[in-house]
Amino acid sequence: MVIINDLDYQPFQSLVNVDSIPFVIPECTITKKQPNKTFSEIQHLITNGRQKEVKKLLRIHHWPADNMIRSQLWSALCKQHNNNNMTEGFYWDLVIQLFGTKELPDKTSILPPFVDSKHRHIYHLTAVGKEVADRVVCVLGFACPDITYSPAIYSLVSLFLHFMPEEECYNSLTSLVSSKRLVFMTQTKSLYEVTWRTVMRVTRKHASSASIHLTKFCSATKMEHVYTDWMWWIFQGLPFHHIVRVMDCYLHEGIKVLYRIAMAILKLFHKNSSKRNSSWALEALNNGLEATLMKFCRQIPVSPNKLLKTAFNIRALSSAYLHRIFVKTEMSMKSKAIVSNSHQLIRSRSSENLPTSQSQVNIQLLSHTLSTRELFTLWSWLPMRITMYQPVLLYTTEEHGCSLTTFYFRVEQHEPTLLIIKTCSDDVFGAYCSTKWLERNRKDDRGNRTAYFGTGETFLFSLFPERSKYPWVGMENDNVCHSNELFMAADSKMITIGGGDGQAIWMDENIRFGKSDSCSTFNNPPLCPGKDFEIKVLEVYGFGGISEVVMGGENVLQTISTSKYDTYPGIEDNEEEEELAESLDIHTEFGVRRQRSHTSVQLERLQRNMIKSANVRHVKWELTPVSLTDEEKAELFPKKDISHQKKNYVSELSKLLKACPYLPMNPFREYSKYDGNAQLGEATRKYGIFITMLNLERRNYPMQVSIIATAKVHDLIGLVCWKCTIEYPDCTLKDSVDCYALYIAEDDGEVDFDFPCLDSRETVAKFGFGFLAIVERDSKLAPTTSNHSPTSQEGNSVLSENVNTKAQQQLEGELNKLLAIEAPLYQLYHVNILNKVRAKIEIHLGISGQKIELDPVVKQRSSSKFPWTKQKPATYDMDCVVACDLTETKSNNRAVLRLVYDSTALSSSIGDSAPSQQGTAAWSNFKHHDFEAEQKVAEDIVQKINNILELRCSVRRQEYILLRERKSHRRRSFHLGPR
């Protein structure tokens with residue numbers, strides 16, 4: 001007899017009708033050599049991470065359904081996948097927030113939309129147990145609104161409530177939903193369709209006899225409909241004792257157990273229905289295959305032990321293999337959906353087109369404009385293929401300033417983009433732009449720049465005060481004229497979206513003022529009531545996958561900042577790195593975690609290092625040999641008598657006190673209370689303030705100031721002066737705040753004197769500018785000249801030319817730094833690969849900081865006149881790549897580039913950069929690929945790859961450069977040697 005250690009636990013909860021559970025004689029699985037394990041023994045294996053031993057024990061130990069071990073075992077198995085560490089009472093807080101009380105509601109609860117009303121199986125729960133199951137499912141739908149279709153959740157809740165309390169049931173279920181390592185259930189209707197298609201594909205290959213046997217009872221066209229109920233063969237058809245044993249393995253191994261059980265049911269049905277005069281075969285012919293399979297599951301002629309043994313005896317069904325089949329099936333379905341709808345350019349109207357939980361987290365953390373409801377509305381309007389990606393904030397006026405140049409620099413390479421405008425009147429509207437903004441520079445055959453560009457996938461929308469979408473008029477009307485195809489236009493002075501009899505959205509070069517009219521391209525009314533509007537916030541989003549460097553764990557910003565400025569004095573690592581290292585995850589409201597990227601913190605640290613580096617002066621010392629006599633040397637270095645001089649030592653503390661003699665009596669000390677960094681729970685605003693009283697080098701870098709939103713402009717000026725006296729003690733300021741004023745400034749530090757200074761009596765929350773400049777009153781920074789003589793004019797022109805040259809060099813340096821920072825970010829290019837016979841094959845060239853991917857375009861035909869020209873997908877580790885150069889520039893504005901890689905290192909693991917042995921490197925080891933693309937695209941690819949190679953500095957690249965120099969030297973020696 002097996003004795004359970006914890007006798008306090010009962011086999012079933014009080015919500016279960018024990019009398020309705022049929023009695024089954026338990027299988028004799030206890031032997032002297034192998035007794036059943038207790039929960040404490042299995043818990044010890046789970047704690048030590050011995051997953052394979054746990055899997056083996058769960059498969060061979062057949063505890064009966066009324067065994068008390070499941071009251072603890074199931075909860076422990078769920079928590080191992082994602083221990084979200086929910087505080088005690090967290091579930092009841094959600095219950096009170098949703099229902100208002102902990103008591104069960106009198107009326108029937110409205111279940112979330114992911115529940116299938118036809119499949120609400122409660123097994124042996126009482127009426128009260130059914131109400132508890134409804135409440136748990138409602139709370140889960142409230143906590144996870146991104147789950148759109150997952151009918152298996154209700155069955156899992158009912159099974160959990162047989163063995164664990166209500167709160168423990170919810171915690172276990174959330175662990176399965178948020179599991180990252182294994183998949184336990186699908187959360188959309190499209191993914192549920194992928195599961196039954198996966199079962200069908202795997203059955204046809206690994207249980208082919210059973211699959212062929214099913215075709216005797218129904219046609220091939222109806223066979224797909226049979227597989228759609230595969231999950232209900234298990235949760236609805238199998239007896240309770242069989243389901244409980246399946247759950248023992250399912251909670252540890254994931255959905256692959258259900259795949260195996262479904263295949264085992266088909267194999268057993270084939271075995272019992274293929275006999276002569278089989279009653280099951282006659283039942284399938286008379287009543288249909290679907291009803292017969294469900295009846296067979298209810299009356300399954302094998303024990304739970306035999307069912308599991310049949311399922312786990314199916315070979316070659318590893319988790320990796322099933323995942324590959326699942327992904328291939330999913331991509332096949334998506335590609336068919338895109339191809340079938342590509343000629344119409346009409347968005348999907350499915351209710352599943354909702355943002356994922358990660359998309360909600362991304363936008364809610366970055367956006368100051370969108371609420372959750374507005375996010376759901378906007379996401380449902382996007383094309384289906386775009387909803388597969390995660391939104392990335394590319395540009396916002398609150399962080400990057402109000403400049404059209406900055407807008408183009410950060411946005412023009414991305415396609416598509418989403419523009420969201422919030423006016424000072426709190427109107428929210430925008431546009432989905434399907435084409436790159438770089439197309440504004442495209443020229444026609446005559447060399448003229450195209451005015452309008454874009455495609456019919458572009459649309460307008462309004463979120464507040466009204467919610468409306470305005471698609472292209474050509475979606476419903478085939479007879480369109482030129483005025484109905486004016487989608488996007490842009491230049492250095494403005495941005496326009498929508499044209500023809502008016503402009504739907506127009507913004508000026510300062511991204512401050514705009515207007516909205518009705519236009520014939522989208523047939524829209526004005527998007528804001530007054531037509532003219534003032535921009536409060538502009539946000540632009542792009543769409544990408546997990547291609548960010550910070551998500552891959554590569555901290556490029558820190559590498560650049562520490563490697564470029566480590567020789568400067570005063571720029572050292574401090575305790576900030578320890579603070580960043582202690583905070584690894586961001587916890588959302590419902591227990592989901594994601595890795596913290598620290599991108600904004602890294603950029604601020606890089607900016608501080610650049611400010612410090614501006615104070616460093618480099619002096620070029622050239623030693624000029626001069627011969628001096630002894631008398632001249634004596635005059636240069638005369639000896640002094642220091643025996644009677646007193647030594648006066650001044651400590652460093654004395655020097656600091658002397659530099660800041662009136663620091664305790666700082667006249668601006670009273671404004672320190674408005675510092676937003678010292679406030680908790682209050683709304684704050686962040687500004688970049690340019691200090692015009694500093695010298696030219698330090699003036700170009702803004703000082704970041706955070707202030708509470710309720711403070712006035714007068715208080716902001718005092719806070720800036722207080723911070724300035726601390727960070728720049730050598731800067732002399734006047735004692736009164738009234739001597740200074742705040743002006744609007746560009747992100748490059750240029751002060752806009754065309755607008756008046758900010759009213760010191762207004763609150764700072766009224767102004768939405770990202771950059772300001774503090775200026776002494778009655779003083780302008782514009783240069784003035786009082787001497788008009790030719791000599792002074794010539795000197796001024798030379799000075800202006802030098803300043804412009806220095807500014808241009810500084811701008812080029814900043815652009816190079818930004819290109820170096822963004823080089824490791826993943827980017828996809830559309831190019832042609834050239835093989836040996838010069839046949840062009842279209843491919844997608846994906847470049848990141850870790851690898852280069854060559855993926856042929858899907859539309860290429862499987863059969864070709866030249867079969868050797870078919871390109872296969874390939875991946876090259878970045879450590880294997882040694883060079884990338886332009887080899888040819890053609891007259892049709894296209895160019896050829898060559899990518900050189902080390903063929904001997906392709907078999908090594910990713911990241912293996914071990915140097916080759918001395919003398920083993922040979923020129924024949926290096927192979928190459930030739931690609932053809934537009935000249936601008938080819939130059940971008942070469943620059944991006946070379947920036948990455950310079951950052952990595954692999955050993956193979958050094959060997960290649962050395963061999964290339966030796967080869968070039970031999971050629972020169974051959975041509976220039978003696979004849």
Side-chain angles (χ1 to χ4, degrees), residues 110-121 134 137-138 140-158 173-174 176-179 182-203 221-236 250 254-256 258-259 262 290 294 322-323 325-342 344 346-360 372 375-390:
I110 301 177
L111 297 179
F114 63 76
V115 178
D116 192 344
S117 58
K118 298 180 181 179
H119 298 284
R120 295 171 58 188
H121 308 296
D134 292 346
V137 173
C138 289
L140 182 67
F142 174 73
C144 303
D146 55 318
I147 303 179
T148 59
Y149 187 78
S150 185
I153 288 181
Y154 196 95
S155 299
L156 292 175
V157 171
S158 299
L173 195 62
T174 54
L176 299 183
V177 171
S178 58
S179 174
L182 295 176
V183 177
F184 290 88
M185 65 202 71
T186 57
Q187 301 182 18
T188 63
K189 200 164 188 177
S190 59
L191 291 182
Y192 178 78
E193 183 179 353
V194 175
T195 57
W196 68 257
R197 290 185 181 274
T198 302
V199 173
M200 183 174 63
R201 293 183 62 177
V202 176
T203 303
T221 56
K222 296 182 179 180
M223 186 58 63
E224 292 185 354
H225 189 67
V226 174
Y227 282 99
T228 56
D229 293 334
W230 75 277
M231 188 173 292
W232 309 122
W233 301 342
I234 303 171
F235 287 109
Q236 181 179 350
Y250 165 76
I255 199 173
K256 74 171 185 177
L258 302 184
Y259 291 156
E290 299 178 27
M294 191 63 66
L322 292 174
H323 180 68
I325 298 298
F326 184 90
V327 173
K328 288 182 180 179
T329 306
E330 181 184 6
M331 298 307 296
S332 176
M333 290 177 55
K334 290 180 179 179
S335 62
K336 289 179 182 178
I338 293 174
V339 171
S340 62
N341 295 330
S342 60
Q344 296 180 357
I346 299 178
R347 70 171 181 88
S348 173
R349 292 178 173 84
S350 173
S351 61
E352 306 156 26
N353 196 16
L354 296 176
T356 62
S357 58
Q358 185 62 46
S359 303
Q360 298 177 49
T372 303
L375 166 62
F376 272 75
T377 302
L378 180 57
W379 205 264
S380 64
W381 292 338
L382 297 179
M384 176 178 285
R385 70 178 189 279
I386 303 302
T387 59
M388 304 178 194
Y389 301 94
Q390 303 296 338

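Numbering of residues begins at 1 and proceeds along the displayed sequence. For clarity, every value in this text was computed on a predicted model and none was experimentally measured.
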When you look at NE2 of His119, are more than 12 heavy atoms from neighbouring residues, nucleotides or ligands closer to it than 6.0 Å?
yes
Residues in salt bridge (charged side-chain N to carboxylate O under 4.0 Å, His left out) with Glu193, at least two apart?
Arg197
May I have the list of side-chain donor-acceptor pairs in residues 150-158 shorter than 3.5 Å, sequence neighbours left out?
unit_1: Ser150; atom_1: OG; unit_2: Thr186; atom_2: O; d: 2.8
unit_1: Tyr154; atom_1: OH; unit_2: Asp134; atom_2: OD1; d: 2.5
unit_1: Ser158; atom_1: OG; unit_2: His121; atom_2: O; d: 2.9
unit_1: Ser158; atom_1: OG; unit_2: Tyr154; atom_2: O; d: 3.1

How close do [X] and [Y] get, heavy atom to heavy atom, and via which atoms?
X: Arg201; Y: Ile325; result: NH1-O, 4.3 Å
X: Leu258; Y: Ile234; result: O-CD1, 3.6 Å
X: Pro112; Y: Gly141; result: CG-CA, 3.9 Å
X: Ile386; Y: Leu382; result: CG2-CD1, 4.5 Å

Got a second to check how far Thr148's OG1 is from Lys189's NZ, nearest 0.5 Å?
9.5 Å
Quick one: does [X]'s side chain get under 4.5 Å of [Y]'s, heavy atoms only?
X: Val177; Y: Gln187; result: yes
X: Phe326; Y: Ile255; result: no
X: Leu111; Y: Arg120; result: yes

Can you name the residues that form a ring pair (Phe, Tyr, Trp, His ring centres under 6.0 Å) with [X], not counting sequence neighbours?
X: Trp196; result: none
X: Tyr259; result: Trp230
X: Tyr250; result: Phe184

Any donor-acceptor N/O pair, Thr228 side chain to His225 backbone, under 3.5 Å
yes
For Glu224, the side-chain hydrogen bond (donor to acceptor under 3.5 Å, both in side chains) test, sequence neighbours excluded, returns none
Angle class for the Tyr192/Tyr149 ring planes (parallel below 30°, perpendicular above 60°, tilted otherwise)?
perpendicular
